[in-house]
2 protein chains.
Amino acid sequence: MSKCEQCIVRQLNSLKSLTKKELTRISGCKTSVTIKKGETVFDEGEHLNGVYCISSGISKVSKMSSNGREQILFLIQKGDIIGERSLVSDEVSNLKATAISDMEVCFIPKEEIITDLQENPDFTMNVLKKMAASLKNADNVIVDMAQKTVKQRLAEMLLYLDTKFGHDAETVLNIHLSREDIANIIGTATESAILLLSEFKK
Amino acid sequence: MSKCEQCIVRQLNSLKSLTKKELTRISGCKTSVTIKKGETVFDEGEHLNGVYCISSGISKVSKMSSNGREQILFLIQKGDIIGERSLVSDEVSNLKATAISDMEVCFIPKEEIITDLQENPDFTMNVLKKMAASLKNADNVIVDMAQKTVKQRLAEMLLYLDTKFGHDAETVLNIHLSREDIANIIGTATESAILLLSEFKK
DNA sequence: CGATTGCTTGACCCCCATCAATCCTCGTGG
DNA sequence: CCACGAGGATTGATGGGGGTCAAGCAATCG
């Protein structure tokens, strides 16, 4: 199993503020998992007991609404960390993470990393910063959902996908989503989303 | 000016984990302001440079959408703290706070409280917990906005108002909102919101 | 090569945004 | 004390966005 100290994705997230010593300890107790496309990383209602650090692949993070439809809240990829909320609260997860492509994921148990949270202020500050950024982002999404038309939301989503995942020389996005997933990101019926998508291509 | 050490609202928020010594220091540098109904506490684009602790009154926290309509994200009252994000990021505020009733608000400058954030792990943990809770809540709101009808959202809002502000013996809510504000919470036109509201009364 | 899953298209109609007109309420000044 | 004006609260008419259902088509997999 590879070592956290040498892992490149670490540079992308809050773990970069851990000391070498802390990293070796984390490295010793982490477990690495492969998750196939379509499988879930964790589900709503589960006890997380740790955080997940994505080595490769893409996952959607979603939540079921009471009328039985899935709402995708955001997407995560290489370098992203998910499950930080489990570190500060003992509640079960309110989100579900599902692999959109095959993934490599490292699981770091809560007991190990929580000591760093209490003793390394740099690390804590980084986690705080990330939460603050997520919160700001969530506010924007709420406004968009509440006030904008499906067409506008579709445009926002395409921009989001482009800034997060980029596109190749032929302007094709570096991420493949099913029509249903697209609709579940912007919160609409699949049919309407697609209709507007084809309009955009002109 | 009254002292933070004796302030009751402190027990309601993260400040409760500060030591007596820290509190006296904070108390010395805080400024207390009265804000009349309709005036703004701070606006989008402002540099906050500190946090606000509400002593009394109610404020709506909102954000303008690009099509010029206001979206209210949440309401705050006695004991709530707002502006924590300014402690961890140097960006300008993305939100606006407006008094819905006359208010008493204490302002604590960033320089003072940030040292506590770095040196008192209890306090930091409390701030983290509050952010985690806000984030979880924001996720729920996103799902509601994206998937539920105006009628369902109206019902959710009434529940929210009741749990947050309570009601008197005659089941009248302890908060008075204009029709426009009601509409701006659930993200709809004023007329539709009111139509459904009258239905509920039956 | 069937069979299951996902994509596309169209018809229908309900929810709700928009606009407009009227009514109520309350603060202001005469 | 009353008249008046302005902002808020109701009510209604209208049209379009988009949700829902259904059927046909393409693609993928065992």
Side-chain angles (χ1 to χ4, degrees), chain A residues 36-40 58 60 62 64-72 98-102 142-158 161 172-173 175-202, chain B residues 36-40 58 60 62 64-72 98-102 142-158 161 172-173 175-202:
Chain A
K36 292 215 176 306
K37 178 177 175 175
E39 293 177 355
T40 74
I58 298 178
K60 61 179 175 182
S62 64
M64 274 297 175
S65 95
S66 52
N67 50 12
R69 193 184 289 159
E70 177 187 36
Q71 176 65 38
I72 298 180
T98 316
I100 276 185
S101 65
D102 293 351
I142 290 174
V143 175
D144 286 352
M145 287 294 178
Q147 307 268 7
K148 296 196 174 167
T149 65
V150 170
K151 188 183 271 189
Q152 287 175 304
R153 265 140 57 192
L154 182 60
E156 305 268 355
M157 184 203 65
L158 291 174
L161 293 182
V172 174
L173 283 171
I175 175 176
H176 186 68
L177 291 170
S178 77
R179 307 307 159 124
E180 192 181 1
D181 282 340
I182 293 178
N184 287 343
I185 292 177
I186 61 184
T188 185
T190 22
E191 297 92 330
S192 342
I194 306 316
L195 194 61
L196 295 170
L197 237 193
S198 51
E199 277 185 40
F200 269 112
K201 288 185 180 161
K202 294 184 293 192
Chain B
K36 292 217 174 306
K37 176 176 176 177
E39 293 178 354
T40 73
I58 298 178
K60 61 178 175 183
S62 64
M64 274 298 174
S65 97
S66 53
N67 50 13
R69 194 183 288 157
E70 176 187 35
Q71 176 64 38
I72 298 180
T98 315
I100 277 186
S101 65
D102 292 351
I142 290 174
V143 175
D144 287 352
M145 287 295 177
Q147 307 269 5
K148 296 196 175 167
T149 65
V150 171
K151 188 183 271 188
Q152 286 175 304
R153 265 140 57 192
L154 182 61
E156 305 269 355
M157 184 203 64
L158 291 174
L161 293 181
V172 174
L173 283 171
I175 175 177
H176 186 68
L177 291 170
S178 77
R179 306 307 157 127
E180 192 180 0
D181 282 340
I182 293 178
N184 288 344
I185 293 177
I186 62 183
T188 185
T190 25
E191 297 93 329
S192 343
I194 306 316
L195 194 62
L196 294 170
L197 238 193
S198 50
E199 277 185 39
F200 268 113
K201 288 186 180 162
K202 293 183 294 196

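Chain A is the first sequence line, chain B the second, and so forth, proteins listed ahead of strands; every chain is numbered from 1.
- In this structure, A:D102 CG and A:K37 NZ are separated by 8.0 Å, a value rounded to the nearest 0.5 Å.
- Taking atom CG of residue B:N67 and atom P of nucleotide D:dG17, one finds them 15 Å apart after rounding to whole Å.
- Atom CD of A:E180 has 12 or fewer neighbouring heavy atoms from other residues, nucleotides or ligands inside a 6.0 Å radius.
- Regarding B:R69, its CZ atom lies at a distance of 7 Å from the P atom of C:dA17, rounded to whole Å.
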Its contact letters, B for base, S for sugar-phosphate only and - for none at protein heavy atoms under 4.0 Å, make nucleotides 19-24 of chain C read BB----
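- For B:Q147 (side chain) and A:E70 (main-chain N/O), a donor-acceptor pair under 3.5 Å exists by modelled atom type.
- Using a 4.5 Å heavy-atom cutoff, the side chains of A:K148 and B:S66 are in contact.
- The distance from atom CG of A:D181 to atom C1' of C:dC7 is 14 Å, rounded to the nearest whole Å.
- A close approach under 4.0 Å does occur between a side-chain nitrogen or oxygen of B:R179 and OP1 or OP2 of D:dA9.
- Between the P atom of C:dA17 and the CG atom of B:N184 lies a distance of 12 Å, rounded to the nearest Å.
- Atom CE of residue A:M145 and atom CD of residue A:Q71 lie 4.5 Å apart, to the nearest 0.5 angstrom.
- The shortest side-chain heavy-atom distance between A:L154 and A:I182 falls under the 4.5 Å cut-off.
- Side-chain atoms of B:N184 and B:R69, non-hydrogen and from C-beta on, do get closer than 4.5 Å to each other.
- End-to-end axis angle for the helix from C:dC1-D:dG30 to C:dG30-D:dC1, using five pairs per end and rounding to 10°, comes out at 40°.
- Spacing between atom CD of B:Q147 and atom P of C:dC15 amounts to 17 Å, rounded to whole angstrom units.
- Between A:R153 and A:I186, the closest heavy-atom pair is NH2-O, 2.8 Å.
- Taking atom CD1 of B:I194 as the reference point, atom C1' of C:dT18 lies 16 Å away to the nearest angstrom.
- Contact annotation: A:R153 does not reach the phosphate of D:dG17 (side-chain N/O to OP1 or OP2, under 4.0 Å).
- For A:S178 and C:dG6, the shortest distance from a side-chain N or O to OP1 or OP2 is not below 4.0 Å.
- If you take CG of B:L195 and P of D:dA13, they are 12 Å apart, rounded to a whole angstrom.
- Considering only the side chain of B:S192, C:dC16 comes nearest among D:dT20, C:dC16, D:dG18.
- Here the side chains of B:L195 and B:E191 are not in contact, with every heavy-atom distance at 4.5 Å or above.
- Atom P of nucleotide C:dG6 and atom CD1 of A:I182 are separated by 14 Å, given to the nearest angstrom.
- Closest to the side chain of B:A189, from the set C:dC16, D:dA9, C:dT18, is C:dT18.
- Distances were taken from every side-chain heavy atom of B:T188 (C-beta onward) to each of C:dT8, D:dG19, C:dA17; the shortest belongs to C:dA17.
- A:L177 has its side chain within reach of A:I185: a pair of non-hydrogen atoms, C-beta onward, lies under 4.5 Å apart.
- Dashed line: the shortest gap from a side-chain N or O of B:T190 to OP1 or OP2 of D:dA9 is not under 4.0 Å.
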